[in-house]
Amino acid sequence: MSIETKIQEALAEINRGSAEIIDDKAIEKLVRDFYENGNNYFVKAGFDPTAPDLHLGHTVLLQKLATFQKYGGIVQFLVGDFTATIGDPTGKSATRKVLTREEIEQNISSYTTQAFKILDKSKTEVVYNNDWLGKLSASDMINLTSFLTVARMLERDDFSKRFKANIPISTSEFTYPLLQGYDSVYLKSDIEIGGTDQKFNLLMGRTLQKSYGVGKQQAVLMMPILEGLDGVNKMSKSLNNYIGVTDAPNDMFGKILSISDELMWRYYELLSDKSLESIKGLKDGVADKSLHPKKIKDMLAMEIVDRFHGNGKGGEARDEFAKIFAQKKIPTDLDEYQLEYNMGIIDALVYCKLVPTNSQARRDIKAGAVKIDQEKVTDEKMRLSRGEFVLQKGKKNFVKIIVK
RNA sequence: GGUGGGUUACUCAAGUGGCCAACGAGGGCGGAUUGUAAAUCCGCUGACUACGUCUUCGAAGGUUCGAAUCCUUCACCCACCA
């Protein structure tokens with residue numbers, strides 16, 4: 001294969017799934033330089049160490065970084081610890097808790113362990129922006145702010161919308177894009193990638209690199225925001241519509257299967273390793289009814305479970321799933337709880353964490369959602385007899401109880 | 001700093017002295033149906049020692065037999081003016 005073909009292939013892979021690329025010529029140049037002269041380049045991406053758990057939304061970005069690593073990119077895995085220690089003032093989350101140094105350390109280590117399931121560790125530099133931002137003096141800060149006008153700041157969609165809608169904008173929020181841009185100055189990044197919602201901040205890196213005379217301006221690649229399980233909001237932990245990379249295989253499988261058919265294609269595009277052509281083939285198959293959508297969703301779920309839990313785990317999860325839902329059997333691995341003989345059913349439900357409160361337990365019993373060994377419980381005053389049972393709430397929640 | 005408006009449950013949003021644990025919508029949970037999809041239909045959605053009791057309507061006091069509703073102070077937010 002000629003170098004030219006390789007370069008074109010690399011560029012196609014880099015481009016895949018991206019929402020927008022600014023200065024694709026620059027990217028081409030970097031990749032070309034890698035293939036022709038073996039020179040590497042820096043790809044920066046920022047991560048917020050406040051939430052220690054990665055979900056699939058984060059992996060969209062990580063996968064893109066991994067792609068760059070294949071084609072000569074050295075990843076600058078930027079940990080935004082400076083921001084985390086002073087707290088993010090964004091709009092309504094103004095009271096967000098400020099993390100201690102230890103908490104941040106802990107989050108970061110759990111974060112990077114997860115990230116290295118996707119990233120090549122040997123081509124990744126983990127950097128902390130507190131190392132340089134923490135040293136900026138007041139005059140450095142003022143110098144930094146002098147490069148941008150308020151009018152420019154208000155160009156940011158988020159800001160202008162809030163400004164028009166009379167939603168408060170704290171002055172300190174203006175400094176965030178500046179600091180993020182300054183990171184690119186300090187790191188001399190060649191490319192920065194982020195979500196589309198980050199566009200303004202990503203571009204700030206270009207602007208400031210020019211202002212500070214870095215000698216280059218980073219290219220910017222934006223990935224679309226992955227929708228969560230509801231298909232509407234972005235995937236996030238706080239909305240509880242996420243699939244965590246550490247979710248158990250069965251949970252992961254189940255969650256993916258519960259997404260809508262429409263969203264499934266989105267996930268294929270952004271998360272699957274399948275080529276674009278084969279995805280198109282699947283789509284056509286569903287359109288002409290030669291393929292059942294459920295089947296396609298199974299495949300996606302298996303692929304993702306395999307990625308995070310190891311080959312073969314996806315298939316196991318599928319079989320387990322079929323057992324539970326198609327054949328209405330009980331799952332194999334259940335949490336076990338030891339209970340006292342004669343305990344009331346309501347207490348048992350709360351104790352096993354199937355419901356948060358007694359009131360909720362009563363409601364669920366009334367609604368016919370509670371079952372013991374597949375047998376519907378109708379009397380909320382019922383007491384447990386001795387033995388081993390499977391206690392169930394709704395379709396998805398099972399525990400094993402051992403009554404002594 | 002001045003003037004005016006606002007703060008109700010997960011969110012939006014009714015309620016201006018008793019009929020208020022608080023209308024409605026969204027969300028969530030559960031049931032039927034299904035492919036744990038979509039769509040549709042139905043029920044539930046403060047807590048508890050549960051035909052009763054307790055705690056909620058920004059916070060603290062007060063008036064009243066009785067307050068989310070009236071009064072006082074405080075906090076926060078918004079608009080206009082400076």
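As the structure is a computational prediction, the values presented were derived from the model and not from experiment. Because only heavy atoms are used, hydrogens play no part in the values below, and waters and symmetry mates are left out as well, while side chains stay in. Order of the sequence lines fixes the chain letters, A, B, ..., with proteins taken first and strands second; residue numbering starts at 1 for each chain.
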G28(B) C1' sits how many Å from Lys396(A) NZ, rounded? 11 Å

Watson-Crick or G-U wobble partner of U49(B), both distances under 3.5 Å: none

At under 4.0 Å, does any side-chain N or O of Arg318(A) touch on OP1 or OP2 of G35(B)? no

Between C1' of U34(B) and NZ of Lys297(A), the distance in whole Å: 11 Å

Verify the distance criterion only: is there a donor paired with an acceptor across the side chains of Gln217(A) and Gln209(A) at less than 3.5 Å? no

Taking atom C1' of G35(B) as reference, at what distance in whole Å does atom CE of Met299(A) sit? 16 Å

With both distances under 3.5 angstrom, what nucleotide forms a Watson-Crick or G-U wobble pair with G43(B)? C29(B)

Please confirm whether the ring centroid of Phe147(A) lies under 6.0 Å from the ring centroid of Tyr212(A). yes

Which is more 5' along RNA chain B, the nucleotide nearest Lys395(A) or the one nearest Ile259(A)? Just name the residue. Lys395(A)

Identity of whatever pairs with C80(B) - Watson-Crick or G-U, under 3.5 angstrom: G2(B)

Report which part of the nucleic acid Asn241(A) touches: base, sugar-phosphate, or nothing (heavy-atom distance under 4.0 Å, all strands). nothing

Between U33(B), C29(B), A37(B), which nucleotide has the shortest distance from any of its atoms to the side chain of Lys393(A)? C29(B)

For the pair made of CD in Glu380(A) and P in C51(B), what is the distance, rounded to whole Å? 10 Å

Closest to the 5' end of RNA chain B, once Arg363(A) and Asp261(A) are matched to their nearest nucleotides, is Asp261(A)

A side-chain contact here means heavy atoms from C-beta on lying under 4.5 Å apart; do Leu65(A) and Val43(A) qualify? yes

Would you mind classifying the nucleic acid contact of Leu263(A) as base, sugar-phosphate or nothing, using non-hydrogen atoms under 4.0 angstrom? nothing

Determine, for Asp335(A) against Lys400(A), whether the closest basic-nitrogen to carboxylate-oxygen distance falls under 4.0 angstrom. no

For the pair made of CG in Leu354(A) and C1' in C29(B), what is the distance, rounded to whole Å? 13 Å

Distance test, side-chain N/O of Asn397(A) to OP1/OP2 of C29(B), below 4.0 Å: no

Residues that His309(A) engages under ring-ring contact (aromatic ring centres under 6.0 Å, His included), provided they are two or more places apart: none

Does the structure show a Watson-Crick or G-U wobble partner for C70(B), both distances under 3.5 Å? Name it, or say none. G62(B)

One pair to check against salt bridge (charged side-chain N to carboxylate O under 4.0 Å, His left out): Glu375(A) and Lys371(A). What are the steps and the verdict? CA-CA 5 Å; Glu375(A) 195 77 30; Lys371(A) 290 178 185 168; over 6 Å; no

Members of residues 282-295 of chain A that approach RNA chain B, where some heavy atom sits under 4.0 Å away: His292(A), Pro293(A), Lys294(A)

Enumerate the residue pairs fulfilling salt bridge (charged side-chain N to carboxylate O under 4.0 Å, His left out) with a member in residues 206-229 of chain A, sequence neighbours excluded, ordered by first and then second residue. Asp23(A)-Arg206(A), Asp190(A)-Lys216(A), Glu227(A)-Arg266(A)

Look at Thr357(A) and A47(B) and indicate whether a side-chain polar atom (N or O) is within less than 4.0 Å of OP1 or OP2. yes

Could you tell me whether the phosphate oxygens of C48(B), OP1 or OP2, come under 4.0 Å of any side-chain nitrogen or oxygen in Ser359(A)? yes

Is Arg362(A) near enough to U49(B) that one of its side-chain N or O atoms lies under 4.0 angstrom from OP1 or OP2? yes

With a 3.5 Å limit on both atom pairs, tell me what A22(B) is paired to, counting Watson-Crick and G-U wobble, or say none. none

Salt-bridged, Glu4(A) to Arg32(A), with N to O below 4.0 Å? yes

Within the 4.0 Å heavy-atom criterion, would you say Gly254(A) contacts the bases, only the backbone, or no part of the nucleic acid? base

Starting from P on A37(B), measure out to CH2 on Trp265(A) and report it in whole angstrom. 17 Å

Under 6.0 Å from the ring centre and within 45 degrees of the ring axis: does the NZ or CZ of Lys121(A) meet both conditions for the six-membered ring of Phe77(A)? no

Protein-nucleotide distance (Ile365(A), atom CD1; G31(B), atom P), rounded to Å: 13 Å

Would you say Asn358(A) places a side-chain N or O within less than 4.0 Å of OP1 or OP2 belonging to U49(B)? yes

Taken to the nearest whole Å, NZ/Lys255(A) to P/A37(B) is 16 Å

Could you work out which one of A47(B), G30(B), A37(B) sits closest to the side chain of Ala367(A)? G30(B)

Look through every strand shown and name the nucleotide pairing with A38(B) as Watson-Crick or G-U wobble, where both distances are under 3.5 Å. none

For the P atoms, the ones on G4(B) and on U8(B), what distance do you get once it is rounded to whole angstrom? 22 Å

